[in-house]
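In this chain, numbering begins with 1 at the start of the sequence shown.
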Amino acid sequence: MDDEGVDDEGVDNEGVNEADEQIPVVRDVDGGTARLMPDIDRDRAWLLTVDGAPQSYVDLDEPTHLEFEYARRLAHVLDSAADEGDALSVLHLGGGALTLPRYVAATRPGSRQDVVEADLGLLDLIAAHLPLPEGSGVSVHGADARAWLEKAPTGSVDVLVADVFGGSRVPAHLTSVEYAREARRVLRPGGIYAANLADGAPFAFLRSQLATFAAVFPELALIAEPAVLRGRRFGNAVLVASDGDIDTARLARRTAADAFPARVEYGESLTRFTGDARPVGDADAVPSPVPPDGAFSIG
């Protein structure tokens, strides 16, 4: 075999060897060391990690296959945003391997989607090894999420999905009242904001986020695994916000029937969970907490 492009660990920087076998790809990106690892159980399916933390899972042949629990819950929000198959305008803050944009393109043909990702090296890696299909309707932008949002047209999107992590933490500038106001401004009337967050007991960060978005949006819901909500482990939670009604009954049915069941909290139960937490502004915003060792690692 020609050893060109293969390091001492047998990693092929092109992801394909002479027999077209899929093998891991390793690349230094802006946020650390990215790895694309093939799923041996599924053809053309890949796991993306950055510095060991799982970021995305993509099945190029079956983009509706979602491996991560939080991605499935965000997909439930997208599925509930309009009638089945209707095209949507979606803004994704945070790109990873473009899992959810691929999902929307497959389930809602004709949708217009913009993806904003600050890690230019990661964008290059995904474009080279996991390219979007022709005619996907997805435009990818290399930019800071908050800066791009502040320049986005008012009332221009139906759904805004925020899944931005610096390492394993949500950046502080995407947690404030000022940021929430920008998100609401960009959404059309009745539009939906959905954010992937992470926290554990006593939930100081998650409760502050609920208080922050309640100061801007009249309707909120929270989707999470019961064990996370009970404080038994650190994990992901999806915050949903809108200036219109959130179809919590539909969301509850979908999340309860999922392979990874979750609860939907809203109304009085969500108010009790939020407690006396207060909204945070740009001046006092902080990133989400550092996950405990092993919370999101693999292998």
Side-chain angles (χ1 to χ4, degrees), residues 1-40 42-60 63 66-68 70-71 92-102 114-133 136 138-149 161-174 196-198 236 287-299:
M1 181 196 301
D2 184 353
D3 290 333
E4 184 176 356
V6 181
D7 68 14
D8 292 338
E9 296 179 349
V11 173
D12 183 348
N13 290 330
E14 297 305 318
V16 180
N17 67 10
E18 289 181 353
D20 287 335
E21 177 188 357
Q22 292 176 321
I23 60 177
V25 180
V26 179
R27 180 78 55 81
D28 288 333
V29 298
D30 302 352
T33 300
R35 290 178 179 264
L36 284 174
M37 294 179 286
D39 185 340
I40 60 173
R42 301 178 71 92
D43 293 337
R44 297 195 352 121
W46 297 83
L47 171 69
L48 167 69
T49 69
V50 178
D51 285 345
Q55 299 290 321
S56 301
Y57 178 98
V58 169
D59 187 328
L60 296 177
L66 303 176
E67 191 78 9
F68 291 169
Y70 82 84
H92 302 263
L93 301 181
L98 310 177
T99 303
L100 286 172
R102 299 174 202 266
D114 288 288
V115 179
V116 183
E117 170 60 59
D119 193 323
L120 302 184
L122 183 59
L123 289 181
D124 288 343
L125 174 67
I126 299 306
H129 293 277
L130 306 177
L132 290 163
S136 67
V138 179
S139 299
V140 180
H141 312 274
D144 174 78
R146 175 79 177 264
W148 201 94
L149 183 67
V161 177
D163 184 17
V164 183
F165 282 77
S168 296
R169 306 178 74 185
V170 179
H173 69 305
L174 303 181
N196 179 32
L197 306 174
N236 295 96
S288 62
V290 177
D293 288 344
F296 296 134
S297 64
I298 60 168

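- None of N196, V116, L174, D144 except one satisfies the side chain to side chain contact (heavy atoms under 4.5 Å, CB included) rule with V164; the exception is L174.
- Atom OG1 of residue T49 and atom CZ of residue R35 lie 6.5 Å apart, to the nearest 0.5 angstrom.
- Scanning both residues, A172 and P287, for their nearest heavy atoms gives CB-N, 3.6 Å.
- Atom CD of residue Q55 and atom CD1 of residue I126 lie 10.0 Å apart, to the nearest 0.5 angstrom.
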Checklist entry - H92 and D163: side-chain contact (heavy atoms from CB on, under 4.5 Å), yes or no, with the steps? => result CA-CA 7 Å; H92 302 263; D163 184 17; over 6 Å; no
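- Looking at D28, V26, L130, V25 one by one, the single match for side chain to side chain contact (heavy atoms under 4.5 Å, CB included) with L125 turns out to be V25.
- Atom OG1 in T33 sits 11.5 Å away from atom CZ in R27 (nearest 0.5 Å).
- Here the shortest heavy-atom pairing between S56 and G96 reads OG-CA, 3.6 Å.
- Shown here for H129 and L36, the closest heavy-atom pair between the two residues is CB-CD1, 3.8 Å.
- Applying the ring pair (Phe, Tyr, Trp, His ring centres under 6.0 Å) test to H141 and every residue at least two apart in sequence or in another chain returns W148.
- Looking only at side-chain heavy atoms (C-beta outward), V138 and R102 stay at 4.5 Å or farther from each other.
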Checklist entry - Can you list the steps and then say if D30 with L122 is a side-chain contact (heavy atoms from CB on, under 4.5 Å)? => result CA-CA 7 Å; D30 302 352; L122 183 59; over 6 Å; no
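- Annotation: side-chain hydrogen bond (donor to acceptor under 3.5 Å, both in side chains) contacts involving residues 117-127, sequence neighbours excluded, are absent.
- Side-chain contact check for V58 versus L98: every heavy-atom pair is 4.5 Å or farther apart.
- Taken to the nearest 0.5 Å, the CZ atom of F68 stands 7.5 Å off from the OG1 atom of T99.
- The shortest non-hydrogen separation linking L123 to G142 is CD1-CA, 3.7 Å.
- Residues A34 and L48 share a closest heavy-atom pair of CB-CD1, 4.2 Å.
- Partners of R42 by side-chain contact (heavy atoms from CB on, under 4.5 Å), not counting sequence neighbours, listed by chain and number: D39, A45, Y57, D59, E62, H65.
- For the pair P38 and I23, the tightest heavy-atom approach, listed with the atom from each and the gap, is CD-C, 4.0 Å.
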